[in-house]
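Below is one structure, written out as structure tokens, with a few remarks after it.
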Amino acid sequence: MTELQFKKHSDNMLFHNFDNSLKPKIEELLSLGESAGADLVEIFLEKSDNISLLAEQDNISNVSPSFGIGAGIRVFLGKKDGFVSTNDLSEGGLLFALSQALGMLGLQIGLTNKKRFEGLNELKDFGKLKNQWLTNTPELSEATIKLIEATETLAKKNSNLQVRRASYSRNWQEVLVAATDGVFARDIRLHQTVGINVIAIKDKKRSTSARRYGSSGNPNDLRHWDIENSANELNESAQNMLHAEYVDAGQMPVVLANKFGGVIFHEACGHLLETTQIERGTSPFHDKVNEQIAHSAVSAVDEGLSNFAFGSISMDDEGMEPQNTLLIENGVLKKFLSDRAGSIRTGHSRTGSGRRQNFSFAAASRMRNTYIKKGSFSPDNLIDSVENGLYCKSMGGGSVGPTGQFNFSVEEGYLIKNGKLDKPVKGATLIGEAKEVLPRISMCANDLDLAAGFCGSVSGSVNVTVGQPHIKVDSITVGGR
Amino acid sequence: MIKESNFNNSSGLNPDKLNNLLLKYSKEESINKWDIGASSSRDISVQVQQGNAKQLKGSLRNSMTLRVWNDQNKVGITSTSDFTNNGIKKAIRGAIEASSFGNDKESPEFSPLAKSPLKEINSEISDEHGIDELLEILKKAEKKLIDTHPSIDSVPYNGLSESYMERLYINSEGANRFMKLTQSTIYLYAKGEEENKKPRSAGGIRINSNLKELDIDSCIKETSKKLVSHLNYKAVETNKYLICFTPEAFLQLISAFSSMFNARSILDGVSLMNEDSIGSQVAVRSLNISDEGLHPDNIGAFSFDGEGTPTQNINLIQSGILKNLLHSEATARKFGVKPTGHAGLGAKVSVSPDWLVINKSSGELNKDVSLSIKTTQTKFILIDELSALHSGVKASQGSFSLPFDGWLVENGIKTSIEAATIAGDILKVLNSIVNIEDEQFVTHQGISPHVWVEDISITGEA
């Protein structure tokens with residue numbers, strides 16, 4: 001059968017309703033793929049309905065709804081895979097995409113017929129209790145009122161907050177995953193974030209401060225946003241940093257605050273525990289399972305299960321329920337995060353970590369909610385233990401290089417002098433290498449907390465949670481002036 | 001198998017069909033004023049690992065952004081990838097709903113240049129190649145790169161892609177823009193390690209409108225040369241140094257602070273500049289910066305922006321003086337000038353540079369013309385690539401603190417720097433330039449010579 005014939009005979013059917021009615025047609029597609037000689041064929045269907053809003057000063061300056069549809073078809077043959085994405089959800093469009101994915105691996109529909117597809121399992125519908133989520137989220141009018149309330153609240157905090165912005169985004173996604181190993185699963189995801197940021201200007205000094213909060217599966221999240229608390233926190237940070245001097249560069253002990261301080265573990269260690277990195281041969285930990293890779297004070301997990309946490313999922317993007325994965329226990333490496341391809345290529349068992357930004361990316365092993373477990377110290381114990389060092393109250397973004405070298409910017413930092421917090425400092429960057437820094441995390445406090453973030457990597461930008469209690473790193477390079 | 005064909009025969013967007021659907025549905029919804037920007041792409045890409053295919057990817061994608069003006073002239077917007085009739089209807093309704101919340105203090109209009117003649121750029125559409133051909137090319141490139149040096153063990157990040165793209169802009173007053181182009185890209189990021197040393201990495205990228213003209217050999221050569229030079233490394237002492245930015249690194253730094261030239265950022269109060277900054281001296285007199293979207297080396301450029309305005313070349317800084325800004329229709333109206341062809345499409349329209357070109361202004365002397373990347377024997381740090389620009393740049397404050405790849409150069413001998421950051425203020429950097437070399441280099445992100453700056457803070461590992 002030629003590609004043209006596929007299009008001709010099947011343009012009438014649209015794969016727009018993600019339910020059991022699609023089963024026969026999807027089975028037909030999968031069967032065609034498997035009989036062409038593929039080891040495994042997976043179809044990922046997606047619909048999205050998103051809104052982003054922006055309030056600047058006292059006006060709504062941007063309202064942007066967006067809708068999307070698409071499919072990603074992935075074919076495995078041995079350790080190779082071919083992946084094709086398309087916006088065309090007609091039967092003809094999907095057949096064309098399937099034939100392209102097969103063609104990438106040298107396979108052709110109708111040529112070999114050496115395997116027989118046994119059919120999909122019963123639909124596992126993780127979304128059946130979530131059908132009302134979209135309608136239960138705030139209407140545009142309600143959301144805009146909330147954002148204006150936020151910028152007005154900031155204005156009342158200090159007249160030097162001359163740029164005030166509040167943003168809201170709602171991302172709703174319905175997905176259906178089907179594969180020739182029988183997987184047939186549907187889910188609905190709802191992620192909401194609010195962000196606020198300010199620029200404080202006084203004389204010739206400027207400071208910026210920003211916060212972002214996010215949740216998954218909680219339609220009422222925006223309604224319950226404690227604006228007053230957020231505005232107080234942001235204003236305090238902006239005012240303190242307005243008077244900050246540049247930090248002196250050097251090697252020093254550092255205490256990292258909880259919540260978003262966990263970005264250091266996410267970047268410096270978490271990425272190196274994804275099988276995506278093992279496949280590339282770039283993780284220094286690839287052969288270290290059951291070996292000590294961190295200080296004995298460090299235990300860490302990655303899970304997709306915490307209620308409303310930004311990185312939580314009912315199933316991953318390959319239809320598997322997420323596990324609670326113990327990564328490191330008392331400094332000893334226990335397990336890697338693995339997706340389907342990672343499992344095929346590295347032998348590490350799947351952990352429900354196959355994630356992708358949307359249909360246009362093939363799933364890859366990605367983190368979900370990743371955090372260092374709490375220890376027994378109080379945060380003050382950590383500060384008290386430092387004679388001269390840096391307290392990183394709020395972290396900015398960071399990145400990790402292909403061989404584990406990392407860097408993070410410090411948004412809000414304070415010097416520590418003789419066990420006490422001293423003056424605010426700006427311009428600090430933490431630089432190091434995972435292998436060297438993990439053994440230097442010597443103290444963990446008892447105040448574990450999580451923060452929402454977006455992680456960009458091979459399968460696009462995905463929602464994640466980072467977290468930790470306050471931790472102390474005995475020595476790290478601080479970049480400054 | 002994906003067959004070899006000609007991208008000229010591809011039919012992604014159908015401007016007439018889209019126009020007719022928009023006319024029909026907007027009439028049904030009593031919308032008299034609307035515009036759309038749409039794009040369609042078709043691409044294939046391959047990745048390899050140690051001589052084997054790793055992942056082969058293809059995509060066929062469409063997207064559309066639709067704006068409507070309601071009866072109060074407030075603007076609403078929607079984006080969609082659903083080009084079915086129902087999808088377009090839904091998009092119009094979404095835009096109408098969003099228009100109720102349109103900003104009546106700043107409403108965009110059609111660009112006055114949306115029907116002006118366009119310059120012809122990137123008009124050559126290349127032949128499409130099969131995935132097998134791409135795979136063979138990349139496998140060979142990987143092997144060739146690994147074979148260049150015994151310490152290079154792998155190319156963990158690599159890719160070869162070929163893309164065909166279409167873009168259109170249509171509005172209800174008859175503007176109708178359409179353009180298509182092809183692009184091929186290769187990137188190679190290799191890893192190497194010597195005994196008792198840390199693994200090191202380096203990469204290169206090449207872009208061309210035609211796969212057959214993609215300069216893969218120079219990408220291999222550059223990647224290998226860089227990586228080999230990083231295998232032996234040492235820590236650098238924390239101090240202030242004379243710095244030489246490679247063309248790539250200087251363009252990265254200027255791009256990170258492009259909000260200085262961005263009228264939208266100025267109006268929003270998030271730029272270092274303000275509405276009165278035009279005409280002020282912001283850099284040494286020897287520095288020129290322009291944005292040249294029409295430059296023939298700017299592969300992948302479209303001849304019009306998101307609002308249908310023709311792409312234009314604009315002088316931004318001339319002899320150190322801020323001369324012009326980048327504009328959308330709305331910002332140009334506020335500043336009393338014409339749009340410059342740098343807009344996106346939105347209810348609040350974003351503005352961004354196309355292709356920055358840095359050069360030395362004629363007739364202006366550099367502070368130290370003796371400095372040269374080829375001959376200088378004085379101790380300096382050569383910065384090749386900046387990292388973590390998304391987190392280490394405070395564009396509204398002008399400060400930066402960024403990790404970099406580079407070398408300490410002394411008596412002409414280059415030694416790789418183990419791990420270090422560069423920190424400073426962009427205005428101080430622009431005013432501390434001591435030499436802008438004559439020879440310009442074309443990179444994938446613009447054109448620049450080597451630029452020398454004195455007295456910059458470097459943090460090394462203690």
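Chain identifiers are assigned alphabetically (A, B, ...) following the order of the sequence lines, protein sequences preceding nucleic acid strands; residue numbering begins at 1 within each chain.
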#### Entry: side-chain contact (heavy atoms from CB on, under 4.5 Å) evaluation trace for Phe101(B) with Leu140(A)
CA-CA 8 Å; Phe101(B) 303 94; Leu140(A) 276 178; 3.4 Å; yes
Given that the side chain runs from C-beta out, which part of [X] has a heavy atom under 4.5 Å from chain A: side chain, backbone, both or neither?
X: Thr84(B); result: side chain
X: Gln49(B); result: side chain
X: Phe400(B); result: backbone
X: Asp104(B); result: neither

Could you tell me whether the side chain of [Y] reaches within less than 4.5 Å of the side chain of [X], counting heavy atoms only?
X: Lys57(B); Y: Val84(A); answer: no
X: Glu56(A); Y: Asn103(B); answer: no
X: Asp82(B); Y: His16(A); answer: yes
X: Glu106(B); Y: Asn59(A); answer: no
X: Gln57(A); Y: Lys105(B); answer: no
X: Phe67(A); Y: Thr78(B); answer: yes
X: Phe406(A); Y: Pro403(B); answer: no
X: Arg280(A); Y: Gln47(B); answer: yes

### Query
Considering only heavy atoms, which portion of Ile199(A) lies under 4.5 Å from any heavy atom of chain B: side chain, backbone, both, or neither?
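Only the side chain of Ile199(A) comes within 4.5 Å of chain B.
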### Task
Could you pull out the closest heavy-atom pair between Asp425(B) and Arg481(A), with the gap in Å?
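Scanning both residues completely, I find the closest heavy atoms to be OD2-NH1, 3.0 Å.
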### Query
So which pairs with a foot in residues 389-398 of chain B pass salt bridge (charged side-chain N to carboxylate O under 4.0 Å, His left out), sequence neighbours left out?
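Pairs touching residues 389-398 of chain B that pass the test: Glu411(A)-Lys394(B).
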### Message
Salt bridge or not between Asp81(A) and Lys54(B)? Use side-chain N to carboxylate O under 4.0 Å.
### Response
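Salt bridge between Asp81(A) and Lys54(B), a charged N being under 4.0 Å from a carboxylate O: no.
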Would you say [Y] and [X] are linked by a side-chain donor-acceptor pair, where the criterion is simply a distance under 3.5 Å?
X: Asn52(B); Y: Lys79(A); value: no
X: Ser207(A); Y: Gln397(B); value: no
X: Ser401(B); Y: Thr429(A); value: yes

